[in-house]
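Worksheet: one structure, shown below.
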Amino acid sequence: QGTMNNLTFGNEQYQYYETICSGAPAGPGFDGASGVHVHMTNSRLTDPEVLESRFPVVLEDFGIRRGSGGAGRWKAGDGTRRVLRFREPMELAILSGRRKVASFGVDGGAPGELGRNSVRRLDGAVETLEGCDQTTLQAGEAVEIVTPTGGGWGKRSD
């Protein structure tokens with residue numbers, strides 16, 4: 001995916017840092033894995049039940065974005081979508097890449113999909129966040145992180 005999707009949030013009482021996984025690129029003779037880290041240790045995210053019991057957040061959604069990995073003879077792994085809704089005001093920062101330039105494919109493989117970051121405000125407006133950005137969220141507002149994906153390998157034979 002070409003990035004680690006570093007997400008931090010906190011206030012005077014709570015602080016949290018996570019890196020959000022995506023899909024691994026394809027290689028000669030193999031498809032990439034979906035929903036894994038490849039730029040650092042394959043660390044696990046905090047279990048939803050633990051996250052929600054220790055921090056004032058609700059994990060609204062976290063899953064694989066089926067079909068999002070770069071196409072090719074060997075397909076890149078699929079990325080993820082993660083949505084966190086806050087129950088208290090929080091400062092939030094995102095440090096992420098591949099929001100403007102996609103991960104390339106190799107030997108005729110297609111590039112991966114771009115990632116995107118956004119905030120859903122209380123009035124229903126959706127505010128786009130840059131790859132490296134920060135904002136304040138009010139209770140009831142949510143952040144959505146859609147992770148970019150790696151590129152495919154080789155031309156498709158069909």
Side-chain angles (χ1 to χ4, degrees), residues 1-26 32-71 75-105 110-152:
Q1 66 170 322
T3 187
M4 286 179 23
N5 303 293
N6 300 272
L7 180 71
T8 62
F9 62 81
N11 58 22
E12 290 184 12
Q13 185 174 359
Y14 299 99
Q15 297 83 43
Y16 186 74
Y17 181 143
E18 66 182 17
T19 59
I20 306 171
C21 59
S22 186
S34 297
V36 297
H37 277 294
V38 295
H39 294 292
M40 57 178 281
T41 60
N42 193 13
S43 59
R44 293 181 44 177
L45 285 170
T46 303
D47 292 333
E49 299 81 4
V50 174
L51 178 67
E52 291 179 347
S53 69
R54 293 185 183 171
F55 297 93
V57 300
V58 174
L59 180 61
E60 287 187 354
D61 187 44
F62 183 50
I64 303 290
R65 296 188 308 117
R66 301 285 178 212
S68 61
K75 182 185 170 303
D78 292 327
T80 61
R81 175 178 178 264
R82 188 163 177 88
V83 180
L84 292 168
R85 182 171 32 91
F86 295 87
R87 294 186 289 128
E88 292 184 13
M90 291 283 168
E91 295 296 319
L92 178 134
I94 180 80
L95 175 61
S96 60
R98 301 293 185 200
R99 273 40 185 185
K100 295 181 180 180
V101 177
S103 295
F104 56 87
E113 290 188 7
L114 293 174
R116 62 184 184 276
N117 311 318
S118 61
V119 171
R120 185 182 68 229
R121 298 294 181 186
L122 288 175
D123 65 2
V126 176
E127 176 185 326
T128 299
L129 297 177
E130 296 294 323
C132 299
D133 213 336
Q134 64 184 44
T135 191
T136 301
L137 288 99
Q138 300 306 314
E141 295 182 329
V143 63
E144 175 187 45
I145 307 298
V146 173
T147 63
T149 60

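Each residue takes its place number in the sequence, starting with 1. Quick caveat: nothing in here was measured; it's all calculated off a predicted structure.
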Next on the checklist: Does L92 form a side-chain contact (heavy atoms from CB on, under 4.5 Å) with E141? I'd like the steps, not just the answer.
Outcome noted: CA-CA 11 Å; L92 178 134; E141 295 182 329; over 6 Å; no
Shortest non-hydrogen contact from [X] to [Y]?
X    : Y    : result
G97  : P148 : O-CG, 3.9 Å
T136 : R121 : O-NH1, 2.8 Å
S68  : T149 : O-OG1, 2.8 Å
L137 : V143 : CD2-N, 4.2 Å
G150 : S103 : CA-CB, 4.0 Å
Q138 : L122 : CB-CD1, 4.2 Å

Sub-4.5 Å side-chain heavy-atom contact between [X] and [Y]:
X    : Y    : value
L51  : L84  : yes
R81  : D61  : yes
V58  : R87  : yes
L45  : R82  : yes
P48  : F62  : no
L129 : E127 : yes
V57  : Y16  : no
E52  : L59  : yes

Checklist entry - Residues two or more places apart in sequence or in another chain: which of them pass salt bridge (charged side-chain N to carboxylate O under 4.0 Å, His left out) with R54? => result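 Salt bridge (charged side-chain N to carboxylate O under 4.0 Å, His left out) list for R54, sorted by chain: empty.
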Checklist entry - In this structure, are over 12 heavy atoms from other groups packed under 6.0 Å from Q134 atom CD? => result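 No.
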Checklist entry - Just wondering, more than 12 heavy atoms not from R120 lying within 6.0 Å of its CZ? => result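 Yes - once you tally the heavy atoms of other residues, nucleotides and ligands closer than 6.0 Å, there are more than 12.
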Next on the checklist: For the backbone of A125 and the side chain of D123, can you confirm whether one donor and one acceptor N or O come within less than 3.5 Å of each other?
Outcome noted: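 Flag set: sc D123 to bb A125 pair under 3.5 Å.
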Next on the checklist: Using modelled atom types and a 3.5 Å cut-off, is there a donor and acceptor pairing between side-chain atoms of D78 and backbone atoms of G23?
Outcome noted: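 Such a contact is absent between D78 side chain and G23 backbone.
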Side-chain donor-acceptor pair present, [X], [Y], cut-off under 3.5 Å:
X    : Y    : value
T147 : T80  : yes
N5   : S22  : no
E144 : S118 : yes

Item to check | Worked verdict on S96 versus N117 for side-chain contact (heavy atoms from CB on, under 4.5 Å) | outcome: CA-CA 9 Å; S96 60; N117 311 318; 3.1 Å; yes
Checklist entry - At what distance, to the nearest 0.5 angstrom, does CD of E88 lie from CD of Q13? => result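 It comes to 6.5 Å.
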Next on the checklist: Could you measure the distance from the CD atom of Q15 to the CE atom of M90? Nearest 0.5 Å is fine.
Outcome noted: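 Answer for the CD-CE pair, Q15 versus M90, is 8.5 Å.
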Checklist entry - In a check of side-chain contact (heavy atoms from CB on, under 4.5 Å) between M4 and each of I20, T19, V38, L95, which one passes? => result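 Single side-chain contact (heavy atoms from CB on, under 4.5 Å) partner of M4 among I20, T19, V38, L95: T19.
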Checklist entry - Can you list every pair that meets salt bridge (Lys or Arg N to Asp or Glu O under 4.0 Å) and has a residue in residues 89-102, with sequence neighbours left out? => result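 Every pair satisfying salt bridge (Lys or Arg N to Asp or Glu O under 4.0 Å) with a residue in residues 89-102: K100-E130.
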